[in-house]
Amino acid sequence: MSLLDLTIKELQEKLSNKEITVTELTQACFDRIEETDGQVKAFLTLNKEDALAQAKKMDEEGIDADQFPLFGMPIGIKDNIMTKDLKTTCASEFLSNFEDPLYDATVVTKLKEAKAINIGKLNMDEFAMGSSTENSAFQLTTNPWNKDYVPGGSSGGSAAAVAAGQVPFALGSDTGGSVREPASYCGVVGMKPTYGRVSRFGLVAFASSLDQIGPITRSVEDNARILEVISGVDEMDATSANLEVPRFRDALTGDVKGLKIAVPKEYFQEGVDDQVAEKINEAIDILKDLGAEVDEVSLPHSKYAIAAYYMLASSEASANLARFDGVRFGKRSEKADNMIDMFKLSRSEGFGEEVKRRIMLGTFALSSGYYDAYYKKAQQVRRLITEDFEKVFEDYDVIVGPTSPTTAFKIGDQIDDPLTMYANDILTIPVNLAGVPAISVPCGFHPENNMPVGLQIIGKHFDENTVYRVAHAYEHKTHHNKQKPVIGGVN
Amino acid sequence: MSKKITTEDVKHVAHLARLAITDEEAEKYSEQLSSIIDFSEQLNEVDTSNVEPMTHVLDMKNVFREDEPKDWITKEEALKNAPDQKDGQFRVPSILD
């Protein structure tokens, strides 16, 4: 049993009782990373010196651990979240020299105020575009359960680091499933909060109407505790919601009696693996045994979500990524002798294939003569998808289904086929389009490839409480989250 | 199946997006973007007459704050990550011929 298997509550007790020091806990992360990251390759940048210095200072100050919600808690940060003075690359060649970010993202400021310790920056698909983390410009992250498989994406480094026990907690970002899908593939807990719950200030923008930062953890309770810290209105993000942040952990009663759970029939249709469906049905039976009422419902526009999403997300990305021009930061091509060529060559040399493809698609969809047919049409379908959810939520508390139609796939299997890769997100994308919160929790392993399966629980706008409550009740009954992968013979 | 997006279209879009692409890349993007556009044609099955386009999830408008000056970053800091600079300014290649 490693220190890194303990929950926030257990760790804080040990720190309070002086059974362990913050330095020991921080060092345990770097030891585990050293032991396993040669295979997993989750981290792009380690914050070792700074983290250990902070830990030492905290030990010397002798502050009571319970005065700060995340006192001494080690956390990994996805590399599209800005960290002052710590290299932030978005896993892009374009930002490979971005050594000195000038400010912290609001979530990072909040983690610092809660006295968490940043262990380092985690690999991802370049600019969060992808579902396997194979689009990183720097390294291939492998799935801790089997190194031949992808960890999912785009927050693949975050999910793999938590699954591998390198850090107990990490932050990811989720635009179309980028927290939940890798959490599902790596057998950990991943939450996408309601759009507006968490400030996006300092999250390098991909699709601003969809992006949300969310925690990836080993348990639902830890997830709730981290979300409490990072949530809240922020004057630096005008789209952050001016609502009080609940103590999400208070919702973890273990009781789901009488809760009304909807199961959309569309979430078990084309492309959903039979064994994945069976695991989800077993999970639904457990929720029934716990006293929840379960009915089948319909979200009729679900099948249009991928097409609408790729139009909208790519359009927003094409505008957001215009800032990467080689003038103020990032890499500049040395081949250009005029300004326009400098823009073009810097961007072409700095961006990978998937990023360019999406910029092209978005630029096309927004260009004169095509705007109504593609962009506006997608916005209209987005409303219909959102209304599907609203109708179901008139009668039900949560919606439950698979997080992804399959388990993790093998490295290299889908990377050459954009449309097949996009289909991995068919069950997570509608949630981003509607802006509602959803979590993925482990619900067992596929009998053929032994890879983890994730159960998705979707809630109403700003009702993370009920999502956590159902997730926690299920977790408490099954303990799937207690299983750990063996990496290179170490456990 | 005729391609929805020709290599000429691709080159035009690449120029708008400020991306330099080779002829081979134009060919590849023509195929890939055409198949993505083909795929997205399924949206036309959906009747969206009288459906208001959805631009944002939350029902919020005009979020105001006080317009007060604040200490933010210094000129030196702003230039810290610049690929090229001179006399406290960002330097770029010539804009005019």
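Throughout, protein chains are lettered first and strands after them, A, B, ... in sequence-line order, and every chain is numbered starting at 1.
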Inset, instruction - Check side chain to side chain donor-acceptor pair (under 3.5 Å) between A/T83 and all other residues, then give those that pass, not counting sequence neighbours. - result: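 Scan of A/T83 (side chain to side chain donor-acceptor pair (under 3.5 Å), adjacent residues dropped) gives A/T88, A/K121.
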Legend entry - A/L321 and its side-chain contact (heavy atoms from CB on, under 4.5 Å) partner, picked from A/E316, A/M129, A/R358: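 Considering A/E316, A/M129, A/R358, a side-chain contact (heavy atoms from CB on, under 4.5 Å) with A/L321 is found only for A/M129.
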Out of [options], which one racks up the most heavy-atom pairs below 4.5 Å with chain A?
options                    : result
B/E77, B/H12, B/K80        : B/K80
B/E25, B/R65, B/M60        : B/M60
B/L19, B/V63, B/D84        : B/L19
B/I73, B/L43, B/I21, B/I37 : B/L43

Residue selection (most heavy-atom pairs with chain B, distance under 4.5 Å) from [options]:
options                        : result
A/I359, A/T194, A/T239         : A/T239
A/M339, A/E353, A/R383         : A/R383
A/T386, A/V327, A/V381, A/D325 : A/V327
A/L210, A/L384, A/L433, A/V436 : A/L384
A/Y375, A/Y422, A/Y195         : A/Y195
A/G196, A/A373, A/A308, A/A307 : A/A307

Legend entry - Heavy-atom neighbours of B/F39 CZ exceed 12 at 6.0 Å: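 Above 12, so yes.
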Legend entry - B/E45, CD: over 12 other non-hydrogen atoms inside 6.0 angstrom: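 Result for CD/B/E45: enclosed.
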Please flag which part of [X] lies under 4.5 Å from any non-hydrogen atom of chain B: side chain, backbone, both or neither.
X      : value
A/F364 : both
A/S318 : neither
A/F462 : side chain
A/F351 : side chain
A/L361 : both
A/M311 : side chain
A/D100 : both
A/S240 : backbone
A/A434 : backbone

Do [X] and [Y] have side-chain N/O donor and acceptor atoms under 3.5 Å apart?
X      : Y      : answer
A/K331 : A/S346 : no
B/D9   : B/T6   : yes
A/E126 : A/S92  : yes
A/Q380 : B/T48  : yes

Could you list the donor-acceptor pairs under 3.5 angstrom formed by side chains in residues 50-59 of chain B, with sequence neighbours left out?
residue : atom : partner : partner atom : Å
B/H56   : ND1  : B/L58   : N            : 3.3
B/H56   : ND1  : B/L58   : O            : 3.3

Inset, instruction - Nearest 0.5 Å please: distance from the CG atom of A/L345 over to the CD atom of A/E334. - result: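 These two atoms lie 11.5 Å from each other.
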Inset, instruction - Could you tell me whether the side chain of A/M82 reaches within less than 4.5 Å of the side chain of A/D104, counting heavy atoms only? - result: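 A side-chain contact under 4.5 Å is absent here.
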Inset, instruction - Determine, for A/E349 against A/K335, whether the closest basic-nitrogen to carboxylate-oxygen distance falls under 4.0 angstrom. - result: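 Yes, this pair counts.
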